[in-house]
Amino acid sequence: MTHRIKWATLSVVIYVIFVVCAIAFKLLDPAKIGLSWTVFWYIAAAGLMYYFYFKNMAYREVIYYARQFHLTRLDLEAMVPNRKKTAEVPDPDHPSIFTPLISVPLSVTNRLTDILEKRAKDEYVAPFK
């Protein structure tokens, strides 16, 4: 199972659990909160699950390439010197499921991905799947 399939499946499962709980416990009952708010919350939850998938994929891609090149956290920090003080870089030695959502911004993972993908192409490393 590829990373993309794993994270897409996890996102869909979390969304289905949300929908089942919302229906079973009548949390988003249109009679109580209105149809427009019900639709809003279902769409918002779907958007959050897409964000969860996308952010984890970007994070895992950086971790994959960092491990292929035997890079440490300090090496990755050197690749993105102009980041905010609160913006962390992924730690290839200790990846976590919650880290990409909380402390590693997309601006950092996007810059690292661009750098690492170019290097992987130049050194014929297998692409991230």
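Everything quoted here is computed from the prediction, not taken from an experiment. Counting from 1, the numbers follow the sequence of the chain as shown.
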Between OG of Ser96 and CD1 of Ile102, what distance do you get to the nearest 0.5 Å? 7.5 Å
Measure from the side-chain N and O atoms of Tyr65 to the backbone N and O of Pro127, and report whether any donor-acceptor pair falls under 3.5 Å. no
May I ask whether Val19 and Ile33 are part of the same hydrophobic cluster, defined by side-chain heavy atoms of I, L, V, M, F, W, Y residues being less than 4.5 angstrom apart, directly or through others? yes
Is a side-chain donor-acceptor pair under 3.5 Å present for Asp75 with Thr72? yes
Once side chain to side chain donor-acceptor pair (under 3.5 Å) is applied, what residue pairs with a partner in residues 44-56 remain, sequence neighbours excluded? Tyr51-Lys55
Checking Ile14 against Ile17 for the side-chain contact (heavy atoms from CB on, under 4.5 Å) test, could you report, in this order, the C-alpha distance in whole Å, the side-chain angles of both residues, the deciding distance, and whether it holds? CA-CA 5 Å; Ile14 292 171; Ile17 290 170; 5.5 Å; no
Under a 4.5 Å cut-off applied to non-hydrogen side-chain atoms, are Leu76 and Leu116 in contact? yes
Side-chain contact, heavy-atom cut-off 4.5 Å: Phe128 with Met57? yes
What residues, two or more places apart in sequence or in another chain, satisfy salt bridge (Lys or Arg N to Asp or Glu O under 4.0 Å) together with Arg119? Glu123
Quick one: side chain to side chain donor-acceptor pair (under 3.5 Å) pairs with a partner in residues 19-48, sequence neighbours left out? none
Could you list the cluster mates of Val39? Members are the ILVMFWY residues connected by side-chain heavy atoms closer than 4.5 Å, either directly or through other members. Leu35, Ile43
Using the rule that two of Ile, Leu, Val, Met, Phe, Trp, Tyr join whenever any of their side-chain heavy atoms come within less than 4.5 Å, decide whether Leu10 and Ile63 are in one cluster. no
Find out if a path of hydrophobic residues (ILVMFWY) with successive side-chain heavy-atom gaps under 4.5 Å connects Val12 to Met49. no
Less than 3.5 Å apart, which donor and acceptor atoms pair up between the side chains of residues 78-92 and the rest of the protein, not counting sequence neighbours?
| unit_1 | atom_1 | unit_2 | atom_2 | d |
| --- | --- | --- | --- | --- |
| Arg83 | NE | Ala87 | O | 2.9 |
| Arg83 | NH1 | Val80 | O | 3.0 |
| Glu88 | OE1 | Arg73 | NH2 | 3.2 |
| Glu88 | OE1 | Ser103 | OG | 3.4 |
| Asp91 | OD1 | Asp93 | N | 3.2 |

Hey, any chance Trp7 and Phe18 share a hydrophobic cluster, counting ILVMFWY side chains that come within less than 4.5 Å of each other, even indirectly? yes
Other hydrophobic cluster members with Leu74, side-chain heavy atoms of Ile/Leu/Val/Met/Phe/Trp/Tyr under 4.5 Å, chained? none
Check whether any side-chain heavy atom of Leu106 lies under 4.5 Å from a side-chain heavy atom of Phe54, and answer yes or no. yes
